[in-house]
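In what follows, a single structure is set out as structure tokens and then discussed.
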Amino acid sequence: MKLLVTGGCGFIGSNFILHMLNKYKNCKIINLDKLTYAGNSNNLSSLKNNSNYRFVKGDICDKKLVNKLIKKIDTIVHFAAESHVDRSILKADEFVKTNVLGTFTLLVAALRNGKKRFHHISTDEVFGDLGNKGKFSEKTSYNPHSAYSASKAGSDHLVRAYFHTHNLPITISNCSNNFGPYQFPEKFIPLAITNIIEGRKIPIYGKGLNIRDWIYVDDHNEAIDMIIHKGMIGETYCIGGSSEIKNIDLARLILKHFKLGDEMIEYVSDRKGHDFRYAINSTKIKKELGWKPRHNFKAGLKKTINWYKKNQDWWFPLKKRVIKNITR
Ligand code: NAD
Ligand code: DAU
């Protein structure tokens with residue numbers, strides 16, 4: 001197994017590379033990452049003497065580089081993206097470039113270099129949002145609401161088009177909200193945990209009633225591992241943690257861990273176009289591939305809180321350097 005992993009210095013990609021190299025002794029990985037503000041090669045410093053791992057700093061939009069690397073591998077696992085909704089509200093140029101044009105560049109290179117196996121990592125946000133009832137599944141129509149989700153939807157459509165038109169052997173997965181180690185502290189869970197450690201309040205958008213379906217990052221990566229090994233070509237798999245919770249209740253769970261209460265919550269103006277609820281029906285991947293999440297939400301949250309407590313050297317400089325007051 002020779003993989004080209006894109007975006008492997010980001011949150012989910014780093015955890016994926018660690019999972020694969022730990023599990024498979026015959027797996028070789030080239031990690032192509034531009035090292036944007038969200039990429040951190042230190043996440044993989046434990047691999048510096050591992051001969052199965054190679055890091056290449058570069059852009060997935062760079063045709064020449066992508067063509068050169070794709071010749072050396074058999075499977076592409078494509079994580080690289082601009083991933084933060086709030087940033088896409090402020091300025092979406094990089095979202096369109098990386099998420100749409102970058103994916104297109106990879107698809108063309110995969111096709112021209114012997115139809116390489118292509119797994120595309122996408123999001124449940126492409127489906128829009130839900131009211132109080134129902135769940136997203138592989139049959140849900142696309143209805144993206146932010147420039148982030150619209151650019152991810154565009155990339156999903158391109159991936160499917162290369163399957164239908166050119167028989168490129170693709171699979172797609174649409175996953176719900178991930179959490180765990182190495183998540184950039186602009187996302188809700190790590191922002192809340194690190195704020196509390198720093199003695200700051202947790203910012204809650206609107207009334208905190210919006211709902212997300214959380215999945216521990218290793219459960220997502222195990223699903224991707226199964227899809228690249230036994231997924232049906234041309235198919236899409238929805239992946240979710242079956243752990244729905246309102247943002248305010250999640251903030252209170254985190255506060256409870258620190259023996260704090262509502263005095264550490266700050267209600268702030270709502271995100272523009274804030275999707276109300278996401279939830280995933282994962283029946284297909286469970287039935288067809290035998291996947292199921294191994295982490296219980298509360299246990300995963302505790303593990304994550306402890307990781308951020310122990311790894312302040314990892315997140316403190318990132319927070320100081322990058323997070324400005326992102327306007328919603
Ligand atoms: P992240 O923002 O933590 O990491 C993205 C990585 O991509 C970074 O290392 C960055 O340097 C790299 N990158 C960005 N632009 C690049 C470019 N042009 N060329 C090469 N590398 C580039 O993102 P994440 O949260 O790990 O998400 C990874 C993927 O999973 C994304 O495609 C995202 O849409 C999808 N996803 C994320 C979640 C979630 O909850 N985080 C849920 C479902 C799907
Ligand atoms: O659903 C999958 C998606 O999950 C991924 O595709 C995205 O890449 C990932 O960023 C995530 O998107 P969300 O917008 O749902 O995640 P975020 O952590 O930004 O916000 C989670 C919820 O918390 C959301 O309802 C907004 C709210 N929130 C967020 C922040 C940063 C707050 O109330 N306060 C905050 O400060």
Side-chain angles (χ1 to χ4, degrees), residues 5-16 31-41 43-44 56-62 65-66 77-89 94-95 97-99 101-103 105-106 120-127 129 136 146 148-149 151-152 155-156 173-180 182-192 195 201-215 217 220-221 224 239-241 245-248 250-251 265-271 274-280 323 325-326 328:
V5 173
T6 69
C9 294
F11 163 47
I12 308 175
S14 314
N15 282 291
F16 176 76
N31 171 15
L32 172 62
D33 196 297
K34 189 178 170 182
L35 294 184
T36 67
Y37 79 94
N40 189 341
S41 55
N43 298 1
L44 297 169
V56 177
K57 182 175 179 214
D59 193 327
I60 57 166
C61 300
D62 179 341
L65 175 62
V66 163
V77 187
H78 175 34
F79 293 92
E82 284 296 329
S83 71
H84 193 45
V85 175
D86 291 329
R87 287 178 188 268
S88 80
I89 296 170
E94 291 304 314
F95 288 76
K97 269 190 228 156
T98 290
N99 301 2
L101 199 57
T103 303
T105 306
L106 290 166
H120 178 59
I121 286 85
S122 192
T123 167
D124 58 358
E125 298 199 16
V126 298
F127 301 124
D129 69 348
F136 299 133
S146 68
Y148 162 64
S149 53
S151 63
K152 290 296 291 186
S155 65
D156 292 13
S173 51
N174 296 88
C175 189
S176 64
N177 287 63
N178 286 224
F179 70 104
Y182 300 115
Q183 185 166 31
F184 197 85
E186 66 187 348
K187 303 280 166 69
F188 186 58
I189 289 185
L191 179 72
N195 270 16
K201 294 186 178 186
I202 301 178
I204 294 282
Y205 296 171
K207 293 183 175 156
L209 301 179
N210 302 64
I211 295 168
R212 297 292 182 265
D213 172 5
W214 295 94
I215 182 169
V217 62
H220 181 188
N221 282 329
I224 296 169
I239 307 164
I245 185 165
K246 288 184 189 130
N247 295 335
I248 185 67
L250 174 51
I265 283 173
E266 183 183 10
Y267 291 94
V268 298
S269 56
D270 209 350
R271 174 183 277 174
H274 196 173
D275 283 340
F276 174 61
R277 174 173 166 256
Y278 306 142
I280 288 271
I323 297 186
N325 212 359
I326 298 173
R328 292 160 295 277

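Whatever order the structure lists them in is the order used to number ligands and atoms, beginning at 1.
Close approach to G39 involves these atoms of ligand 1, each under 4.0 Å from a residue heavy atom: 8 (C), 9 (O), 11 (O). Residue contact check: S176 has heavy atoms under 4.0 Å from atoms 42 (C), 43 (C) of ligand 1. Close approach to T123 involves these atoms of ligand 2, each under 4.0 Å from a residue heavy atom: 1 (O), 2 (C), 3 (C), 5 (C), 6 (O). In summary, the atoms of ligand 1 found under 4.0 Å from a heavy atom of F79, numbered by their order in the structure, are 28 (C), 29 (C), 31 (C), 32 (O). Of all atoms in ligand 2, numbered sequentially from 1 with element shown, those under 4.0 Å from a heavy atom of N247 are 22 (C), 23 (O), 24 (C), 25 (O), 27 (C). The ligand atoms of ligand 2 that sit less than 4.0 angstrom from a heavy atom of Y278 are 1 (O), 15 (O). Remark: ligand 2 atoms within the under-4.0 Å shell around heavy atoms of D124 are 1 (O), 2 (C). For ligand 1 and G58, the ligand atoms under 4.0 Å from any heavy atom of the residue are 19 (N), 20 (C). Atom numbering of ligand 2 starts at 1 in the shown order; those under 4.0 Å from a heavy atom of H84 are 19 (O). Counting the atoms of ligand 1 from 1 in the order shown, those under 4.0 Å from a heavy atom of S122 are 43 (C), 44 (C). Listed by number with element, the atoms of ligand 1 under 4.0 Å from a non-hydrogen atom of L35 are 11 (O). Applying the 4.0 Å criterion to heavy atoms of I204 picks out, from ligand 2, the atoms 33 (O). The ligand atoms of ligand 1 that sit less than 4.0 angstrom from a heavy atom of T36 are 10 (C), 11 (O), 14 (C), 15 (N).
At a heavy-atom distance under 4.0 Å, only side-chain atoms of L191, from C-beta outward, approach ligand 2. Heavy atoms of E186 found under 4.0 angstrom from ligand 2 belong exclusively to the backbone. Here K187 has heavy atoms under 4.0 Å from ligand 2 in both its backbone and its side chain. For N177, heavy-atom contacts with ligand 2 shorter than 4.0 Å involve the backbone as well as the side chain. Within the 4.0 Å heavy-atom criterion, the part of K152 lying near ligand 1 is the side chain and not the backbone.
For atom 30 (O) of ligand 1, the closest non-hydrogen atom of the protein is I121 CG2, 3.4 Å. The protein non-hydrogen atom at the shortest distance from atom 33 (C) of ligand 1 is Y148 OH, 3.5 Å. The nearest heavy-atom contact from the protein to atom 3 (O) of ligand 1 is F11 N, 3.0 Å. The protein heavy-atom contact nearest to atom 20 (C) of ligand 1 is K34 N, 3.2 Å. Of the protein's heavy atoms, C175 O, 3.3 Å lies nearest to atom 43 (C) of ligand 1.
I12 approaches F79 most closely through the heavy-atom pair CG2-CE2, 3.6 Å.
Atom OG in S146 sits 8.0 Å away from atom CZ in R271 (nearest 0.5 Å).
Side-chain atoms of S88 come within 3.5 Å of backbone atoms of Y148 as a donor-acceptor pair (strictly under, hydrogens ignored). In terms of modelled atom types and a separation under 3.5 Å, the side chain of N195 and the main chain of K201 share a donor-acceptor contact. A donor-acceptor distance shorter than 3.5 angstrom exists from the side chain of T6 to the backbone of A80, with no hydrogens or angles considered. Listed for the N43 side chain is no donor-acceptor partner under 3.5 Å among the backbone atoms of F11. Judged purely by atom type and a 3.5 angstrom limit, K34 has no side-chain atom pairing as donor or acceptor with the backbone of G7. Using a distance-only test at 3.5 Å, with no hydrogens or angles considered, no donor-acceptor pair links the side chain of N177 to the main chain of W214. For D213 (side chain) and S176 (main-chain N/O), no donor-acceptor pair under 3.5 Å exists by modelled atom type.
Close to ligand 2: H274, with a non-hydrogen atom less than 4.0 angstrom away.
For the residues I280, N40, N178, the heavy atom positioned nearest atom 40 (O) of ligand 1 is part of N178. Remark: among candidates E82, R212, R271, the nearest residue to atom 17 (P) of ligand 2 is R271, based on non-hydrogen atoms. The closest non-hydrogen atom to atom 6 (O) of ligand 2, taken over W214, F188, Y148, comes from Y148. Taking all heavy atoms of S149, S83, S146, C175 into account, the minimum distance to atom 9 (C) of ligand 2 is reached by S83. Within the set N174, D33, T98, D59, the minimum heavy-atom distance to atom 9 (O) of ligand 1 is found for D33. Relative to atom 5 (C) of ligand 1, the option among S83, G240, A81 with the closest non-hydrogen atom is A81. With distances taken over non-hydrogen atoms, the option nearest atom 36 (N) of ligand 1 out of I12, N177, I224 is I12. Atom 4 (O) of ligand 1 has its nearest heavy-atom neighbour, among C9, G10, S155, in G10.
Looking only at atom types and distance, the side chain of H120 has no donor-acceptor partner in the side chain of T103 under 3.5 Å away. Under the 3.5 Å distance criterion, with hydrogens and angles disregarded, no donor-acceptor pair is assigned to the side chains of N15 and N178.
Side-chain contact between L32 and L65 is present, with at least one heavy-atom pair separated by less than 4.5 Å. Side-chain atoms of E186 and D86, non-hydrogen and from C-beta on, never get closer than 4.5 Å to each other. You'll find the side chain of N247 reaches within 4.5 Å of the side chain of N210, heavy atoms only.
In terms of polar-atom proximity, defined here as any N/O pair under 3.5 Å, I60 does make such a contact with ligand 1.
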Evaluation steps, side chain to side chain contact (heavy atoms under 4.5 Å, CB included), between Y267 and I248: CA-CA 10 Å; Y267 291 94; I248 185 67; 3.2 Å; yes
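Here the rule is side chain to side chain contact (heavy atoms under 4.5 Å, CB included) with R212, and of L250, D275, I189 only D275 fits it.
Open room surrounds NZ on K246; 12 or fewer heavy atoms of other groups in view lie less than 6.0 Å from it.
E94 and R87 are not joined by a salt bridge, as no carboxylate oxygen comes within less than 4.0 angstrom of a charged side-chain nitrogen.
A centroid separation of 6.0 Å or more is found between the aromatic rings of F188 and Y205.
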